[in-house]
Amino acid sequence: MMSHRLLLTTLISAGLTLLAGCGAASSPTAPSAPAVPAIITITSSGVSPKELTIAIGDRVTFVNDDVIQHDIAGGPDPAHPDCREIDAVGFLTRGQRRATAPFPVARTCEYHDHSVPLATMNGTIIIR
């Protein structure tokens, strides 16, 4: 009798192990989280976020939530133009939004507002 019980227990255990393995292999994987859009918002307090990290090939959308116009350009200030991809944003009136050109290489790009020459209107985009 004891050997039948041992055999039955072993068979049941093996069957449960097989079923558990099949269930784990066939269970669907969780969907990946959607990409967070790269957005920089402009308000009377400045730009937010001040620093943004994106992937190579991404674009960044600037949104003017301020009551005045803004003119976004690449570089730390007008005397030092850089990152021409940012120049695609240009002049934004209240409520407007516009994206940069795609960033083709890994680097760090500064930008500024020609219209409001305050440090609060400057920021950095890091491309990785």
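Not measured: the values here are computed from a predicted model. Residues take their numbers from the sequence shown, with the count starting at 1.
Follow the hydrophobic side-chain contacts under 4.5 Å out from L52 and you reach I42 in the same cluster. Follow the hydrophobic side-chain contacts under 4.5 Å out from I72 and you reach I68 in the same cluster. No continuous path of hydrophobic side-chain contacts links F103 to I126 [ILVMFWY only; heavy atoms under 4.5 Å].
Nearest heavy-atom pair, P78 versus H112, reported as atom, atom and distance to 0.1 Å: N-NE2, 3.5 Å. The two residues I56 and V105 make their nearest non-hydrogen contact at CG1-C, 4.0 Å. Considering all non-hydrogen atoms of both residues, A99 and A88 come closest at O-CB, 4.0 Å.
Between P104 and E85 the shortest side-chain heavy-atom distance falls below 4.5 Å. Using a 4.5 Å cut-off on side-chain heavy atoms (C-beta onward), D58 and I127 make no contact.
Side chain of H70 to main chain of V116: no donor-acceptor pair is present (N/O by atom type, distance under 3.5 Å, no hydrogens or angles). At least one donor-acceptor pair under 3.5 Å links the side chain of D87 to the backbone N or O of G74. Remark: side-chain polar atoms of N64 are paired, donor with acceptor, to backbone N or O of T93 under 3.5 angstrom. A distance-only check finds a donor-acceptor pair linking the side chain of R98 to the backbone of F91 [under 3.5 Å]. No donor-acceptor pair closer than 3.5 Å links the side chain of K50 to the backbone N or O of T124. Checked by atom type and distance alone, the side chain of N122 never pairs as donor or acceptor with a backbone atom of D77 at under 3.5 Å.
Separating the OG1 atom in T100 from the OH atom in Y111 is a distance of 11.0 Å, to the nearest 0.5 Å. Residue D66 holds its CG atom at 9.0 Å from CG of D113, rounded to the nearest 0.5 Å. One distance of note links CD of E51 with CD1 of I40; it measures 10.5 Å at 0.5 Å rounding. Of the inter-residue distances, the one linking F62 atom CZ with I39 atom CD1 reads 11.5 Å to the nearest 0.5 angstrom.
Just one residue in the list T108, T53, I86 forms a side-chain contact (heavy atoms from CB on, under 4.5 Å) with I125, and that residue is I86.
Other residues, nucleotides and ligands place no more than 12 heavy atoms under 6.0 Å from the CZ atom of R97. When the shell of 6.0 Å around CZ of R94 is examined, it contains 12 or fewer heavy atoms from other residues, nucleotides or ligands.
For residues 57-128, the pairs satisfying disulfide bond (SG atoms under 2.5 Å apart) are C83-C109, with sequence neighbours left out.
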